[in-house]
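Below is one structure, written out as structure tokens; comments come after it.
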Amino acid sequence: MSSNKAFKPKARRPRGFEDRLSHHLRAEQALIQAASGVYERWGFERLETPAFEFADCLGKFLPDDDRPNEGVFALQDDDEQWMALRYDLTAPLARFSAEHFQDLAKPFRRYQYGDVWRNEKPGPGRFRQFIQCDADSVGAPGTAADAEIIALASEVMAAVGLERGEYAVRVNDRRLLDGILESLGAGAAEARLKVLRAIDKMDRLGRHGVELLLGAGRKDESGDFTPGAGLDAASITRVLDFIEAGGGTRGEVIERLIPIVGAGVGGAGVSALEEIAAILNALNVDEDQVIFDPSIVRGLGYYTGPVFEVELNLSATYENGQPIRFGSVGGGGRYDDLVARFTGQAVPATGFSFGVSRFAAALSALDRIKDSAPDPLVIVLAVDKDHMATYFQLAAQLRAEGLRAEAFVGGGNMGKQLKYADRRGADFAVIVGEDERQNQTVTIKDLKLGARLAQQIEDNKAWREDQPAQFTLPLAGFAKALHERLV
RNA sequence: GCCGCCUUAGCUCAGUUGGUUAGAGCGCUUGAUUGUGGAUCAAGAGGUCCCCCGUUCGAACCGGGGAGGUGGUACCA
């Protein structure tokens, strides 16, 4: 009983999970609001779904194994059914669409943002919990819907404050590569997957690395061997020619692709790009905003037609001078088979998704977050603890003026309280003690000004006596007077 | 999963060939200043040297195993 060694847990976080502070949250909120505004104006409806779904609804993670949490966070409900935290917002949308299929006006245009969770090894800029923001059209078979989503993605980038040339939406169509692989006799699912993986590594490994992965395989620096797709030399050349067929205007890319992919499946892909190009041109989407790029892969699994990625062309460096790589901040495409898993009925769908947390981090690093500075803060010091009621009234008057204000409710003398105000980054401290009560005044200390002046002052005695950063206002109407000083 | 690096105070890190009582800077607390933050000075608090086993008269230090962190790579609906 009398153990004086009480168990003290170490304060720590599971890896890949972040505490997010106010400035970070403001950055994320600004992004979500900008994107939501665009989605709303384009006629998308907001939807929220729960964090948990039944594991079988999320996809391939069936609760057959003892441990269905490969990649997801899963637990068993009290009826022993496996539930899992959603790993994206698309699977819940497919579930919702299937569940309410009759009630929805098709195409169902919905947007959604919220946390998603992935039980994988985290890395730099990669977390196990993060926010996604999606817009999708469910039940829209035509390429027009894809073109719309692409234009929407481009508009979101502009809405968050990015200028032309600072971002690009890169568009491809899965059927182009499918056509090529088919004609090479490499259309089998397994080979196709390996080819997609290899192409996806183009930016990191370069042409030569991809060449190895398309052929026999590649050994990386650590000595680990990655098996290749096993294509022959002629086929590798054709695939590489294809993925390097980008560059120039959308029309030029299409012209270049026609002879490479031929008719059949690939031809359908070319037609899709032609239709997308026509719509983008009609919407005055610039050639540098949306680019056709055959090297875009965008995930592996469920995309069936047009796919696209949104990338930032900006660069920044860490404090240590290392360049920050932003890479892709979002993307999307057509997925025609997702809802059919539930209903058996083919439901075409297309959508866009971006990672709010990663995007916000990039914009913060670039110092491009709008409205990220909080409003000025005033702290009313608790000079005499028996006059707390008065201090709360003063704070209320400041709030009524539209300022952020709080009465100090902690402990400690004035020195401590000013130190608190300083650390909070407050702009002003309001001091009302015996003297001020006598004279019906308030003393205002300009903390920011004081901090600046203090840098030049050597003698502590002098600045304490002079108090150059302080001024006195009449008690009546002090809040208004202070507010006016701020403008 | 595979490969590398790291783990000593709240934080960043020193710590000699293995030697007795493990240090610094920053931060924190208190005071110089009983109603004044950011300068300066002084004092103080704060440690399972990641854990276990072994070698040794003696281990923060050497050996083995484990855990955690981190970077790369693989996978990523």
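This is a predicted model, so every value here is computed, not measured.
Nucleic acid contact for A/Leu381: none, since no nucleic acid atom lies under 4.0 Å from a heavy atom of the residue. Contacts of A/Asp88 with the nucleic acid, taken as non-hydrogen atoms under 4.0 Å apart, are absent. At the heavy-atom level, A/Gly433 lies under 4.0 Å from base atoms of the strands shown. No contact: A/Lys448 has no heavy atom under 4.0 Å from any strand.
When all heavy atoms of A/Lys385 and A/Gly410 are compared, the pair lying nearest together is NZ-O, 3.6 Å.
In the region residues 342-359 of chain A, proximity to RNA chain B at under 4.0 angstrom, judged on heavy atoms, holds for none of the residues.
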- [ ] Test A/Phe342 against A/Phe101 for side-chain contact (heavy atoms from CB on, under 4.5 Å), laying out the working first.
- [x] CA-CA 11 Å; A/Phe342 298 103; A/Phe101 199 71; over 6 Å; no
Open item on the list: The test is ring-ring contact (aromatic ring centres under 6.0 Å, His included); show your working for A/Tyr391 and A/Phe408 and say whether it passes.
Closed with: CA-CA 8 Å; A/Tyr391 300 135; A/Phe408 184 77; over 10 Å; no
TODO: Could you walk me through whether A/Glu120 and A/Arg128 pass salt bridge (charged side-chain N to carboxylate O under 4.0 Å, His left out), step by step?
DONE: CA-CA 7 Å; A/Glu120 334 175 300; A/Arg128 292 156 96 193; over 6 Å; no
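Aromatic ring orientation, A/Phe354 versus A/Phe359: perpendicular (interplanar angle above 60°, classes split at 30° and 60°).
The CG atom of A/Asp293 sits 7.0 Å away from the CG atom of A/Asn172 when rounded to the nearest 0.5 Å. Atom NZ of A/Lys201 sits about 6.5 Å away from atom CG of A/Leu213, to the nearest 0.5 Å. Here A/Arg174 contributes atom CZ and A/Leu176 contributes atom CG; the two are 11.0 Å apart, rounded to the nearest 0.5 Å. Note that CD of A/Gln393 is 12.0 Å distant from CG of A/Leu398, once rounded to the nearest 0.5 Å. Rounded to the nearest 0.5 angstrom, A/Leu85 CG and A/Leu75 CG are separated by 7.0 Å.
Comparing the same atom, P, in B/G47 and in B/G37 gives a spacing of 30 Å after rounding to whole Å. B/G4 and B/G23 have their P atoms separated by 36 Å, with the value rounded to a whole Å. Distance noted for atom P between B/U8 and B/C49: 11 Å (whole Å). For B/U56 and B/G63, the C1' atoms lie 12 Å apart once the distance is rounded to whole Å. Nucleotides B/A60 and B/C5 are separated by 24 Å at their P atoms, to the nearest Å. The C1' atoms of B/U29 and B/A67 are separated by 34 Å, rounded to the nearest whole Å. Nucleotides B/G64 and B/C28 place their C1' atoms 40 Å apart, quoted to the nearest Å. With both ends at atom C1', the span from B/U7 to B/C75 equals 28 Å, rounded to whole Å.
Residue A/Arg204 has no polar side-chain atom (N or O) positioned under 4.0 Å from OP1 or OP2 of B/G72. Note on A/Lys416: every side-chain N or O is 4.0 Å or more away from OP1 and OP2 of B/G35. A close approach under 4.0 Å does not occur between any side-chain nitrogen or oxygen of A/Arg424 and OP1 or OP2 of B/G37.
Distance CG (A/Leu213) to P (B/A74): 8 Å, rounded to an integer number of Å. Rounding to whole angstrom units, CZ of residue A/Arg218 and P of B/A74 are separated by 7 Å. Between the CG atom of A/Asn413 and the P atom of B/U34 there is a distance of 9 Å, rounded to whole Å. One interatomic measurement links the two molecules: NZ of A/Lys194 to P of B/C76, which rounds to 11 Å at whole-angstrom precision. One can place CG of A/Leu377 at 14 Å from C1' of B/G37, the figure rounded to the nearest angstrom. Atom CZ in A/Phe471 sits roughly 15 Å away from atom C1' in B/U36 (whole-Å rounding). Across the protein-nucleic acid pair, A/Met414 atom CE and B/U33 atom P stand 17 Å apart, rounded to whole Å. Between the CG atom of A/Leu205 and the P atom of B/G72 there is a distance of 14 Å, rounded to whole Å.
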Any protein N or O atoms within reach of nucleotides 66-70 of chain B? Criterion: under 3.5 Å, listing atom names and distances.
residue	atom	partner	partner atom	Å
B/G69	OP1	A/Arg15	NH1	3.3
B/G69	OP2	A/Arg15	NH1	2.3

Please write out the pairs of protein N or O atoms and N or O atoms of nucleotides 40-46 of chain B separated by less than 3.5 Å, giving the distance to one decimal.
none

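Of the residues near RNA chain B, A/Gly450 and A/Thr443, the one whose nearest nucleotide (by heavy atom distance) lies more toward the 5' end is A/Thr443. Along RNA chain B, the nucleotide nearest A/Arg423 and the nucleotide nearest A/Gln470 are compared for position; the residue whose nucleotide lies closer to the 5' end is A/Arg423.
A cation-pi contact links A/Arg485 to A/Phe471, judged by a cut-off of 6.0 Å to the six-membered ring centre and 45° from its axis. Cation-pi geometry between A/Arg109 and A/Phe44 is met: the NZ or CZ atom falls under 6.0 Å from the ring centre, inside 45° of the normal.
For RNA chain B, if you chain together Watson-Crick or G-U pairs that step i with j, i+1 with j-1 and so on, the runs of at least three with distances under 3.5 Å are B:1-7 with B:67-73, B:10-13 with B:23-26, B:28-32 with B:40-44, B:50-54 with B:62-66.
Side-chain N/O atoms of A/Glu436 and base N/O atoms of B/G35 include a donor-acceptor pair closer than 3.5 Å. Applying the 3.5 Å distance criterion, the base of B/U36 shares no donor-acceptor pair with the side chain of A/Gln417. Residue A/Arg126 places a side-chain atom within donor-acceptor reach of the base of B/C76, judged by atom type and a 3.5 Å distance cut-off alone.
Of the listed nucleotides (B/U36, B/G35, B/C76), B/U36 has the atom at the smallest distance from the side chain of A/Lys445.
Legend: residues meeting salt bridge (Lys or Arg N to Asp or Glu O under 4.0 Å) with A/Glu211, ordered by chain and number and at least two apart, are absent. By the ring-ring contact (aromatic ring centres under 6.0 Å, His included) test, A/Tyr39 is found to be paired with A/Tyr111, residues two or more places apart in sequence or in another chain being considered.
Aromatic pair A/Tyr87/A/Phe73: centroids not less than 6.0 angstrom apart.
Residues A/Glu406 and A/Arg399 are not paired through a salt bridge, judged by the lack of any N-O separation under 4.0 Å between the basic side chain and the carboxylate.
By the 4.5 Å heavy-atom criterion applied to side chains, A/Ile379 and A/Phe428 are not counted as neighbours.
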